[in-house]
Amino acid sequence: MKLLVLNVVALPPLTVEALDSSDFCMRRVATKTCPTPPTIDTIDLHTFLGSYYEVGTTARYKLRSEGGLVCMRSNFSMDTPPEAQANVVTIDVQNTGLQVVGIESVSAFSKISYSAADVCANAARMCAMMDTSSKLSEALVRIGTVSNDIAFSSPMDLKPLNHAAAIINSSVANVYRKADALALTVTVISRIAAELSQGVGPYDTLLRALRSTVTSGSNEVRELGSNVIGNLTYTRNLIAQVITHRTNPSHVELLSEASTLIEQEIELLISQVSRIQGLLSSIGGPLADTLEADASLTNQTKNIVVTKGQVIQTTGERGNMVLSIKQTIRPYKIIALEGFPLLGYSSLLVYSCELDSNGDPVEDVFLLSSSPSIPAPIVNILLNLASTYGISMDCDSVFVPTVQTTGDCGLLPH
Ligand SMILES: *[C@@H]1O[C@H](CO)[C@@H](O)[C@H](O)[C@H]1NC(C)=O
Ligand SMILES: *[C@@H]1O[C@H](CO)[C@@H](O)[C@H](O)[C@H]1NC(C)=O
Ligand SMILES: *[C@@H]1O[C@H](CO)[C@@H](O)[C@H](O)[C@H]1NC(C)=O
Ligand SMILES: *[C@@H]1O[C@H](CO)[C@@H](O)[C@H](O)[C@H]1NC(C)=O
């Protein structure tokens with residue numbers, strides 16, 4: 001049982017710590033499937049029922065499913081009291097939010113989220129292009145074989161080959177570092193978009209920040225592209241020099257293969273760099289333009305948006321629930337609880353993960369609370385707990401706070 005009991009006194013504004021953004025490539029290799037965190041199966045149904053504020057969720061969920069909405073609440077209720085013995089219990093859930101930006105923006109935010117996830121996926125693909133099964137690794141093996149053979153016979157040729165290998169190595173390190181920077185860029189984009197989507201101002205300032213983050217990310221990728229491609233091209237020249245000296249046909253063949261592999265890698269990098277730049281420029285260009293245009297059109301009227309669904313709970317696995325809402329069915333696992341059964345639960349950490357059509361995990365967390373906000377240290381404790389379960393919070397699963405404190409939230413029922 002994981003029962004997190006904490007005394008909540010003051011309620012400072014919610015700030016989410018920047019999570020570690022190094023070693024993106026390592027993390028992406030490690031997380032290839034949905035983690036299976038333990039669920040809180042001792043959750044008491046009657047205590048659980050009631051209305052909760054959403055304190056935060058992933059940027060993906062906020063931008064795609066809650067675009068333009070603030071003050072999100074989830075109300076869990078039952079039409080008829082459950083039978084004590086019932087194996088399966090169906091709980092009605094009603095999500096309510098207040099729409100504060102126009103519908104053009106809502107659709108732009110959703111597209112931003114897809115582009116951001118694509119940048120993440122392409123950064124991860126760039127990592128994979130550098131790993132031990134990559135063309136560069138194969139090229140290094142061939143260069144290494146020839147180097148070993150000629151170590152004593154031709155020290156003159158050994159030097160350029162070692163130089164080429166060293167450049168390839170440092171290019172790989174360069175790409176790894178840039179993947180970290182790119183992951184951080186996507187994190188910043190996601191956070192800004194989540195604020196814009198919730199009408200957090202000043203709008204112009206945030207929009208400028210969005211554009212400039214995108215531009216600097218794009219410049220960095222271009223710089224990476226030209227440096228790494230320039231350096232790799234140079235290694236091909238070094239290899240070509242050595243080839244002209246070698247008479248051993250097997251050396252010539254190995255080095256020619258290495259050169260071809262490097263050339264293929266350069267082609268892959270060029271297309272990867274341009275794909276990432278294209279995605280970034282769609283965010284900074286057309287999508288940012290849409291947001292800007294829509295902001296000047298948007299009505300001052302605020303619409304209450306209600307979504308209904310159901311949560312299914314099964315005996316023995318009360319915390320391992322299933323949510324059906326908007327024609328989708330997804331896991332809805334309670335992985336942390338704060339509070340006591342008799343006094344009511346003050347916070348719930350809910351986790352949902354499914355594999356997408358590429359077999360990559362799509363992870364969402366939802367932090368629900370009986371009060372509109374909870375102290376940042378507690379948020380961090382809960383998010384760190386999620387991390388220890390192997391739940392990803394980076395790049396495409398950035399956690400963002402939900403606006404719960406604007407005066408307009410008073411328009412919703414409590
Ligand atoms: C390149 O990296 C590989 C693997 O990390 C290493 O074995 C090799 O010695 C390095 N070569 C050079 C020239 O730095
Ligand atoms: C790669 O290229 C950049 C810029 O052209 C240069 O500053 C850097 O030293 C190069 N790295 C290697 C290992 O050649
Ligand atoms: C603005 O509000 C009016 C009336 O409430 C509505 O008819 C119109 O469609 C709204 N326009 C936009 C752009 O949402
Ligand atoms: C939650 O749902 C119950 C049952 O429908 C209702 O009585 C209650 O008023 C709702 N609470 C909120 C805050 O909407």
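Order of appearance sets the numbers: ligands from 1, and atoms from 1 within every ligand.
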**Prompt:** When the aromatic ring centroids of Phe48 and Phe76 are compared, is their separation below 6.0 Å?
**Reply:**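 Phe48 vs Phe76: aromatic centres under 6.0 Å.
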
**Message:** Any carboxylate oxygen within less than 4.0 angstrom of a Lys/Arg side-chain nitrogen, looking at Asp92 and Lys308?
**Reply:**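 Here Asp92 does not pair with Lys308 in a salt bridge, since their nearest N and O are not under 4.0 Å apart.
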
**Salt-bridge present (Arg246, Glu253; N to O < 4.0 Å)** =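 Between Glu253 and Arg246 there is no salt bridge, as every charged N stays at least 4.0 Å from the carboxylate O atoms.
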
**Item:** Protein non-hydrogen atom found under 4.0 Å from atom 7 (O) of ligand 2
**Value:**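 It does not: no protein heavy atom is found less than 4.0 Å away from atom 7 (O) of ligand 2.
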
**Request:** Give a yes or no on whether atom 2 (O) of ligand 2 lies under 4.0 Å from any heavy atom of the protein.
**Result:**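 Protein heavy atoms within 4.0 Å of atom 2 (O) of ligand 2 - there is at least one.
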
**Prompt:** Tell me, which protein residue and heavy-atom name are nearest atom 13 (C) of ligand 2, and how many Å apart are they?
**Reply:**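 I find the closest protein heavy atom is Ser170 OG, 2.8 Å.
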
**Heteroatom proximity flag, Asn75 to ligand 4, N/O under 3.5 Å** =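 Yes, since at least one N or O of Asn75 sits under 3.5 Å from an N or O of ligand 4.
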
**Request:** Could you list the residues that satisfy side-chain hydrogen bond (donor to acceptor under 3.5 Å, both in side chains) with Ser259, not counting sequence neighbours?
**Result:**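 Ser259: side-chain hydrogen bond (donor to acceptor under 3.5 Å, both in side chains) contacts with Arg236.
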
**Item:** Identity of the nearest option to atom 5 (O) of ligand 2, non-hydrogen atoms only, from Ile167, Asn227, Thr235
**Value:**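 It is Asn227 whose heavy atom sits nearest to atom 5 (O) of ligand 2.
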
**Item:** Shortest reach to atom 12 (C) of ligand 2 by a heavy atom, considering only Leu232, Asn231, Ile168
**Value:**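 Among Leu232, Asn231, Ile168, the closest heavy atom to atom 12 (C) of ligand 2 belongs to Asn231.
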
**Request:** Could you tell me whether Arg64 sits above the aromatic face of Tyr114, with NZ or CZ closer than 6.0 angstrom to the six-membered ring centre and within 45 degrees of the axis?
**Result:**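 Flagged: Arg64 positioned over aromatic ring of Tyr114.
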
**Request:** Could I get the full list of ring-ring contact (aromatic ring centres under 6.0 Å, His included) partners for Tyr203, not counting sequence neighbours?
**Result:**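 Once residues adjacent in sequence are excluded, Tyr203 has no partner under the ring-ring contact (aromatic ring centres under 6.0 Å, His included) criterion.
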
**Numbered atoms and elements of ligand 4 in range of Ser51, under 4.0 angstrom, heavy atoms** =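 Going through ligand 4 atom by atom, the ones under 4.0 Å from Ser51 are 13 (C).
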
